[in-house]
Every structure is written in structure tokens, then in C-alpha cells.
Amino acid sequence: MNPILNTAFKAARKAGDLMIRASKDLGNIKTDSKAFNDFVSDIDRMSENILIETLLEAYPQHKITAEESGSHGNPNGAYEWIIDPLDGTTNYLHGHPQYAISMALLHNGKLQEALVYAPERNDLYMASRGKGALLNDRRIRVSSRIDLPQCLIGTGFPVVDQSRTDTYLAILKDFLSQTAGARREGAASLDLCALACGRFDGFFEFNLKPWDIAAGALIAREAGAVVTDMTGEQGWLESGDIVAANPKVLAQMLQIIGNHIG
């Protein structure tokens, strides 16, 4: 583990321990609503504080963009962390173990390092640009399936911004009729990690935020996935519209999606 990822894991492990302890009494966690179907808890905020303090102590010249509290550190730094202190807050608040801490580091706008840590399962996903992806120190790779009818697709429902729900449902209907099935597990970072280790054969979702996908996308890419927006271009981090799979499955997914978007 390189020093940067070691520092990130130190922070994530500390935040994860907090989540595990708090999960034993979920009824006492204070929760607010940022928007319809968009929740934030005291645990999100406490986890974020742990991540920010640990990163800035080690790298005071870095910039941090955090889901709950915005920008920290050096606003002009060449290095920028994008962090989600609790991806899958709704899952966490319902005692569902599908949640994670997501941390990505960009250098001059390019993804360089990624870590996704799932505390309940003690699963640690990591990737460094050009060096491959790991799950618990074991190298991982996307699946080799190329026939869409054999593929299991991961996705996420549009629950906050529902302006494109009809389009999404039409796309999902086509995928359900042309694949082995679709799964919605409620944490995009872990969905992309599931793609990276072959549990999913493809993934798509609309309207995500950079902290939802930055780390998971680099892990998926380093495991052999191609990551694009809905038109096959590279604007996915800015638009939040993302499709990912091995190259042959991706082409088939983009064809289905392209039938429904202009």
C-alpha cells in the first residue's frame, strides 16, 4: 500500500469503526433531510470530519471536496480529494450493510488514487492509476462475459432528481428483457467495485455526484472496465451520468441506452 492510500485507509478505518459502533443503536442517530429522499445523519458529518482532519494533517497543501461540507484545504492545490463519508446513508440508517466510505485523489484533474472501504464486511477496495485494482490485497478483474443475455447489470434508481425517471424506466425495461437481470443495491461506489471484481457485468446510473463515483470508477477502470457517460464520451464525472463495463458489454449497453436518449 503506497503512503497516500495508507493515509486514506487510516482515516477510513477510523470512520468505519465509528459507524459500526453507532449502528448498534440506530434509533439514537440524528437525521436530517437535505432534499426529497436525500438524507444526512450525524454519522455522515462525524465521518467526514475524521476524513478531513486526517487528510489535512498528512497533506495540508491538498484540496478536499467533501459531500456534506464542501471545500477544505488549499483551494489552488494541484491535488484534490473527493470524498463521500457515507455512501449509502439510507441503507445504513435501516441496518442494511451495503454502505461504504469513498475517497478519490485527483492530480491536475486526473484520477490517481482510489479507496472504497465497506466497514460491515471489512472489505477494502483500492486502485492506483496504471497499477491495477485490489480487493483486500487480491488483484481483481472485471468479468469476461460478452453476451448481454448472460450479464447481470447493476444500477441505481433516480430517487432525488426524478426528472428523467420515465427515460430511466424505459432503459431498465429493455435491460430486464435482454440480460440475466438487474440489481439496485443503493451505493454507487460499491456497485462500481462489484463491477470491478466481476459480480456485476455492467453498471449504469443517472444524476450522480462526483463523490458517488470518482473512487469506484477508477477502481473499475483499473480492473479493466471502460467508463463513459451515456453517449460513450468522457464527461461522466461532470454530468453524473455513467455507464461502465468491459468493452464489448459496454458497446451493447450504450446501444440500448442510445435508443432512449437524444
> Ile219 and Trp236: same hydrophobic cluster, using ILVMFWY side-chain contacts below 4.5 Å?
Replying inline: no
> Between Asp44 and Lys30, is there a salt bridge with N-O shorter than 4.0 Å?
Replying inline: no
>> With a 3.5 Å distance limit and no angle check, can you tell me whether Glu222 reaches the backbone of Ala133 through a side-chain donor-acceptor pair?
In response: no
> Is the shortest heavy-atom distance from the side chain of Ile20 to the side chain of Glu120 under 4.5 Å?
Replying inline: yes
>> Quick one: does any side-chain atom of His96 pair with a main-chain N or O of Gln98 as donor and acceptor, under 3.5 Å?
In response: yes
> Side-chain contact, heavy-atom cut-off 4.5 Å: Leu26 with Tyr92?
Replying inline: yes
>> Do Met46 and Ile50 make a side-chain contact, defined as non-hydrogen atoms from C-beta onward lying under 4.5 Å apart?
In response: no
>> To check you understand the geometry: which heavy-atom pair defines the closest contact between Ile43 and Met19, and what is its length?
In response: CG2-CG, 3.7 Å
>> Is the shortest side-chain heavy-atom distance between Asn136 and Asp123 below 4.5 Å?
In response: yes
> Step by step, would you call Val227 with Val243 a side chain to side chain contact (heavy atoms under 4.5 Å, CB included)?
Replying inline: CA-CA 6 Å; Val227 181; Val243 189; over 6 Å; no
>> According to a hydrophobic-cluster definition based on side-chain heavy atoms being under 4.5 Å apart (Ile, Leu, Val, Met, Phe, Trp, Tyr only), do Phe200 and Ile146 belong together?
In response: no
>> Any heavy-atom pair between the side chains of Ile52 and Ser69 that's under 4.5 Å?
In response: yes
>> Membership question, hydrophobic clusters at under 4.5 Å side-chain separation (ILVMFWY): are Leu192 and Leu218 in the same one?
In response: yes
> Would you call the rings of His62 and Trp81 parallel, tilted or perpendicular if under 30° counts as parallel and over 60° as perpendicular?
Replying inline: tilted
>> Using modelled atom types and a 3.5 Å cut-off, is there a donor and acceptor pairing between side-chain atoms of Asp229 and backbone atoms of Thr231?
In response: yes
>> If I take atom OG from residue Ser128 and atom CD from residue Glu113, how far apart are they, to the nearest 0.5 angstrom?
In response: 3.5 Å
>> Go through it in stages, so that I can follow the logic: the residues are Met253 and Ile256, the test is side chain to side chain contact (heavy atoms under 4.5 Å, CB included), and I'd like the CA-CA distance, side-chain angles, deciding distance and then a yes or no.
In response: CA-CA 5 Å; Met253 292 180 68; Ile256 290 174; 5.9 Å; no
> Which heavy-atom pair separates Ala15 from Ser47 by the least distance, and what is that distance?
Replying inline: CB-OG, 3.3 Å
>> Are Asn74 and Tyr79 packed together at the side-chain level, in the sense that at least one heavy-atom pair is separated by less than 4.5 angstrom?
In response: no
> Does atom NE2 of His94 have more than 12 heavy-atom neighbours from other groups under 6.0 Å away?
Replying inline: no
> Taking a hydrophobic cluster as the set of Ile, Leu, Val, Met, Phe, Trp and Tyr residues connected by side-chain heavy atoms closer than 4.5 Å, whether directly or through intermediates, do Met230 and Val226 fall within one such cluster?
Replying inline: yes
>> If we ignore hydrogens and angles and just use 3.5 Å, is the side chain of Asp87 paired with the main-chain N or O of Ser189 as donor and acceptor?
In response: yes
> Given Asn108 and Glu80, is the side chain to side chain contact (heavy atoms under 4.5 Å, CB included) satisfied, shown in steps?
Replying inline: CA-CA 8 Å; Asn108 292 327; Glu80 178 184 4; over 6 Å; no
> Pick one: which of Leu115, Leu105, Leu124 meets side chain to side chain contact (heavy atoms under 4.5 Å, CB included) with Leu5?
Replying inline: Leu115
>> Atom CG of residue position Asp137 - does it have more than 12 heavy atoms of other residues, nucleotides or ligands inside 6.0 Å?
In response: no
> Is the Tyr117-Phe9 ring centre distance short of 6.0 angstrom?
Replying inline: yes
>> Under a 3.5 Å distance rule, please check whether Ser177 uses its side chain to pair with a backbone N or O of Asp174 as donor and acceptor.
In response: yes
>> Please find the pair of heavy atoms, one from Arg164 and one from Asn207, that lie closest to each other, and give the distance.
In response: NH2-OD1, 2.5 Å
>> Quick check: closest heavy atoms across Arg139 and Gly132, and the distance to 0.1 Å?
In response: NH1-CA, 3.3 Å
> How long is the gap from CG on Asn49 to CD on Glu53, to the nearest 0.5 Å?
Replying inline: 5.5 Å
> Rounded to the nearest 0.5 Å, how far does CG of Leu55 lie from NZ of Lys10?
Replying inline: 10.5 Å
>> Is there a side-chain contact between Ile153 and Arg183 in this structure, where contact means two heavy atoms from C-beta onward sitting under 4.5 Å apart?
In response: no
>> Quick one, Trp211 with Ser102, criterion side chain to side chain contact (heavy atoms under 4.5 Å, CB included). Give me CA distance, side-chain angles, the key distance, then yes/no.
In response: CA-CA 7 Å; Trp211 44 78; Ser102 176; over 6 Å; no
> Applying the 4.5 Å side-chain criterion to the ILVMFWY set and letting contacts propagate, would Leu106 and Ile64 be lumped into a single cluster?
Replying inline: no
> Which distance, rounded to the nearest 0.5 Å, do you find between the NZ of Lys209 and the CD1 of Ile213?
Replying inline: 10.5 Å
> Between the side chain of Asn91 and the main-chain N/O of Glu185, is any donor-acceptor distance below 3.5 Å?
Replying inline: yes
>> Would you say CD of Gln255 has more than 12 non-hydrogen atoms from neighbouring residues, nucleotides or ligands within 6.0 angstrom?
In response: no
> Hey, are Lys248 and Asp201 close enough for a salt bridge, meaning a charged N less than 4.0 Å from a carboxylate O?
Replying inline: no
> What's the shortest heavy-atom distance between Glu205 and Phe157, and which atoms?
Replying inline: OE2-O, 4.1 Å
> Is it true that a side-chain atom of Asp147 and a backbone atom of Gln150 form a donor plus acceptor pair closer than 3.5 Å?
Replying inline: no
> What do you reckon, are the aromatic ring centroids of Tyr168 and Phe204 less than 6.0 Å apart?
Replying inline: yes
>> By the definition side chain to side chain contact (heavy atoms under 4.5 Å, CB included), identify the one residue from Asp84, Leu86, Thr89 that meets it with Glu67.
In response: Asp84
>> To check you understand the geometry: which heavy-atom pair defines the closest contact between Ala220 and Val142, and what is its length?
In response: O-CG1, 4.2 Å
>> Using side-chain heavy atoms (C-beta onward) and a distance below 4.5 Å, is Asp17 in contact with Lys14?
In response: no
>> Nearest 0.5 Å, please: how far is CD1 in Ile101 from CD1 in Ile83?
In response: 10.0 Å
> For the atom pair CG (Leu237) and CD1 (Ile242), what is the distance rounded to the nearest 0.5 Å?
Replying inline: 8.5 Å
>> Can you tell whether the side chains of Arg45 and Asp42 come within less than 4.0 Å, N to carboxylate O?
In response: yes
> So, Gln234 side chain and Thr228 main chain: donor-acceptor pair closer than 3.5 Å or not?
Replying inline: no
> Judged by atom type as modelled, is there a donor-acceptor pair below 3.5 Å linking the side chain of Arg129 to the main-chain atoms of Leu111?
Replying inline: yes
